[in-house]
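Below is one structure; the comments refer to it alone.
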Amino acid sequence: MAIVLIRQDGKLDLWKKTFLDQYPDLPVYSFNEPHPRESISMAIVWKHPKGSLEGYPNLKCITSFGAGVDFILKDESRPAGIPITRVIDDALADDMAEYVLTAVFGHLKNMDQYAQDQFAAQWKPRPYGRIADHTVGIMGFGTLGSHVGRALSQLGFRVIGWSRHPKSQPGIVVYHGKSGEKEFLNRTSILICLLPLTAETKGILNTSTLIQLRPGAYLINVARGGHLAEDELIPLLDTGQLSGACLDVFNQEPLPSDHPFWAHPRIKITPHVASVSDPQSVVPQLVENYRRLEKGQALLNQIDPELGY
Ligand code: NDP
Ligand code: OXD
């Protein structure tokens, strides 16, 4: 049995080195070096090239290097029926909370406008918002959403959540399903999307949902670009229904240089960096699953391919 690592973002060597630093005897290979294809039982992937999961006759598990698995499920050339697992990691959750807090406070205190004023040498005090003014709605109240919700709630924000199933978290009302969606949206003045990208959630951030938010609401999308109907965002900003948007993820990444989002003064763009799997922190759980595979034990953090998360 052995592991193959498949990613093309320049971090392959760092991941392989971290595996070997922590587990010197581990049979782990990069996909772009010669490797014994028959021995590979686990493929760990991030935005892998199409077709790269073919030709491993003894593959028993496909693992995402990150929390999301949408890119694995959309690869129709992957071998069918093989369990898929993902990362659940405290550092990933903390990093996500830190990113979201930065975006929320930047919005409250007009930091984007001041950055633009600075380049125009413009001294222009603006009214600022306060924690007490806002209800933060978190769409997708799972591992990351609930962690972010706790962090905001501890700072005094009114936080509400939305998930598929009912949930309870102290001090936070969590709505669920279609029946809970309207009230959740109507109460929200800052919307954070932390849903997985599935057949049900694709395009969920569209005119008919975003129009139900409090007027002048702020949107933070840190989930996937496919959640946002990108063509519908700018009209909502231009009418004032949304006061701004902070987007970390896009339909096409990198965001094409001629995309209208780049030039819009009320859209803040970051290059899919809200929270990034840290090899030091994540490698032990990946190896734990490899050991479980070796022993025929149940895997950690397995997703349901039918649900898509
Ligand atoms: P989880 O699977 O732990 O949580 C998903 C949540 O979404 C759950 O609460 C689930 O409900 C809810 N949900 C799923 N489908 C629906 C639906 N149709 N209607 C309502 N609620 C729904 O995922 P994580 O929190 O770990 O991660 C969320 C996403 O964040 C990832 O899939 C990934 O795309 C993105 N991400 C982005 C990063 C970045 O850097 N930008 C970094 C890491 C992750 P229930 O609890 O009832 O099942
Ligand atoms: C993830 C991501 O899914 O970084 O982990 O987007």
Side-chain angles (χ1 to χ4, degrees), residues 7 9 11 15 44-48 63-74 84-100 102-103 137-151 159-169 172 174-185 191-205 209 219-228 246-251 253-255 268-279 281-282 285-286 300-309:
R7 58 190 301 154
D9 58 353
K11 295 185 183 170
W15 277 93
I44 310 178
V45 300
W46 181 251
K47 298 187 179 174
H48 55 288
T63 295
S64 171
F65 272 108
V69 293
D70 46 297
F71 64 97
I72 299 176
L73 295 174
K74 85 167 190 215
I84 298 172
T85 66
R86 72 187 193 102
V87 164
I88 296 182
D89 178 60
D90 289 348
L92 196 70
D94 287 343
D95 290 354
M96 182 57 84
E98 289 178 17
Y99 177 100
V100 169
T102 304
I138 304 182
M139 264 188 142
F141 209 70
T143 309
L144 299 177
S146 59
H147 190 74
V148 169
R150 247 185 323 271
V159 177
I160 58 178
W162 187 65
S163 57
R164 282 180 66 236
H165 305 96
K167 288 181 196 294
S168 69
Q169 187 153 317
I172 299 180
V174 184
Y175 298 88
H176 67 276
K178 273 282 150 210
S179 61
E181 190 183 16
K182 184 174 185 312
E183 191 172 342
F184 166 80
L185 292 169
L191 180 68
I192 298 164
C193 180
L194 269 168
L195 287 163
L197 185 62
T198 68
E200 276 187 28
T201 66
K202 188 168 188 292
I204 195 165
L205 303 173
T209 48
L219 169 68
I220 300 174
N221 186 16
V222 275
R224 286 291 180 263
H227 289 120
L228 176 65
C246 171
L247 307 176
D248 183 54
V249 285
F250 303 89
N251 255 320
E253 295 180 4
L255 187 65
K268 185 192 200 66
I269 290 172
T270 55
H272 199 147
V273 290
S275 67
V276 178
S277 289
D278 175 355
S281 173
V282 165
Q285 67 173 270
L286 301 178
L300 304 174
N301 308 332
Q302 200 168 329
I303 63 99
D304 178 344
E306 293 304 315
L307 289 176
Y309 71 105

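Atoms within a ligand are numbered from 1 in the order they appear, just like the ligands themselves. Keep in mind that what you see is a predicted model, and the values were worked out from it rather than measured.
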Which atoms from ligand 1 have a heavy atom of [X] less than 4.0 Å away?
{"X": "A274", "value": "39 (C), 40 (O), 41 (N)"}
{"X": "V249", "value": "41 (N)"}
{"X": "H272", "value": "39 (C), 40 (O), 41 (N)"}
{"X": "G140", "value": "6 (C), 7 (O), 9 (O), 12 (C)"}
{"X": "L194", "value": "28 (C), 30 (O)"}
{"X": "E200", "value": "18 (N)"}
{"X": "F141", "value": "6 (C), 9 (O)"}

Geometry only, no angles: is [X] polar-contacting ligand 1 at N/O separations under 3.5 Å?
{"X": "V276", "result": "no"}
{"X": "G142", "result": "yes"}
{"X": "T198", "result": "no"}
{"X": "D248", "result": "yes"}
{"X": "W162", "result": "no"}
{"X": "A67", "result": "no"}
{"X": "R86", "result": "yes"}

In terms of residue, atom name and distance, what is the protein heavy atom nearest to [atom]?
{"atom": "atom 33 (C) of ligand 1", "answer": "R224 NH1, 3.6 Å"}
{"atom": "atom 48 (O) of ligand 1", "answer": "Y309 OH, 2.5 Å"}
{"atom": "atom 16 (C) of ligand 1", "answer": "R164 CG, 3.1 Å"}
{"atom": "atom 32 (O) of ligand 1", "answer": "P196 CA, 3.4 Å"}
{"atom": "atom 29 (C) of ligand 1", "answer": "L195 O, 3.6 Å"}
{"atom": "atom 44 (C) of ligand 1", "answer": "L144 CD1, 3.4 Å"}
{"atom": "atom 37 (C) of ligand 1", "answer": "V222 O, 3.0 Å"}
{"atom": "atom 38 (C) of ligand 1", "answer": "M96 CE, 3.5 Å"}

- Message: Is it the case that the side chain of S64 and the backbone of V69 share a donor-acceptor pair, with hydrogens and angles ignored and the cut-off at 3.5 Å?
- Response: no

- Query: With no hydrogens and no angle check, is any side-chain donor or acceptor of W162 less than 3.5 Å from a backbone partner on V174?
  - Reply: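 It does not hold such a pair.
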
Residue-ligand contact [X]/ligand 1, heavy atom below 4.0 Å:
{"X": "H176", "value": "no"}
{"X": "A223", "value": "yes"}
{"X": "T201", "value": "yes"}

As an exercise, state the distance from [atom1] of [X] to [atom2] of [Y], rounded to the nearest 0.5 Å.
{"X": "L247", "Y": "H272", "atom1": "CG", "atom2": "NE2", "result": "12.5 Å"}
{"X": "I220", "Y": "C246", "atom1": "CD1", "atom2": "SG", "result": "5.5 Å"}
{"X": "L197", "Y": "K74", "atom1": "CG", "atom2": "NZ", "result": "8.5 Å"}
{"X": "K47", "Y": "D9", "atom1": "NZ", "atom2": "CG", "result": "8.5 Å"}
{"X": "L185", "Y": "L191", "atom1": "CG", "atom2": "CG", "result": "7.0 Å"}
{"X": "T209", "Y": "E181", "atom1": "OG1", "atom2": "CD", "result": "7.0 Å"}

- Around ligand 2, what residues show up once you keep those with a heavy atom under 4.0 Å from it? W46, G66, A67, G68, R224, H272, S275

- Task: I would like to know whether I72 and I303 meet side-chain contact (heavy atoms from CB on, under 4.5 Å); could you show each step before the answer?
- Result: CA-CA 11 Å; I72 299 176; I303 63 99; over 6 Å; no

Polar side chain donor-acceptor pair, [X] to [Y], under 3.5 angstrom:
{"X": "D90", "Y": "H147", "answer": "no"}
{"X": "T143", "Y": "R86", "answer": "yes"}
{"X": "N301", "Y": "T85", "answer": "no"}
{"X": "Y99", "Y": "T270", "answer": "yes"}

- Quick check: are there more than 12 heavy atoms from other residues, nucleotides or ligands sitting under 6.0 Å from NZ of K202? no

- Start with the C-alpha distance between Y309 and L195, add both sets of side-chain angles, then the distance that settles side-chain contact (heavy atoms from CB on, under 4.5 Å), and finish with yes or no. CA-CA 9 Å; Y309 71 105; L195 287 163; over 6 Å; no

- Item | Partner of V282 by side-chain contact (heavy atoms from CB on, under 4.5 Å), out of I88, V87, I44 |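 Among I88, V87, I44, the one meeting side-chain contact (heavy atoms from CB on, under 4.5 Å) with V282 is V87.
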
- From the options H165, M139, H227, select the one whose nearest heavy atom is closest to atom 45 (P) of ligand 1.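 Considering heavy atoms of H165, M139, H227, the nearest to atom 45 (P) of ligand 1 sits in H165.
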
- Query: Between V222 and I192, is a side-chain contact (heavy atoms from CB on, under 4.5 Å) present by the stated rule, with each step listed?
  - Reply: CA-CA 7 Å; V222 275; I192 298 164; 4.2 Å; yes

- Item | V276 vs K11, side-chain contact (heavy atoms from CB on, under 4.5 Å): CA-CA, chis, key distance, verdict | CA-CA 12 Å; V276 178; K11 295 185 183 170; 3.5 Å; yes

- Task: Find out whether V159 and Q169 are in side-chain contact, i.e. whether some heavy atom of one side chain is under 4.5 Å from a heavy atom of the other.
- Result: no

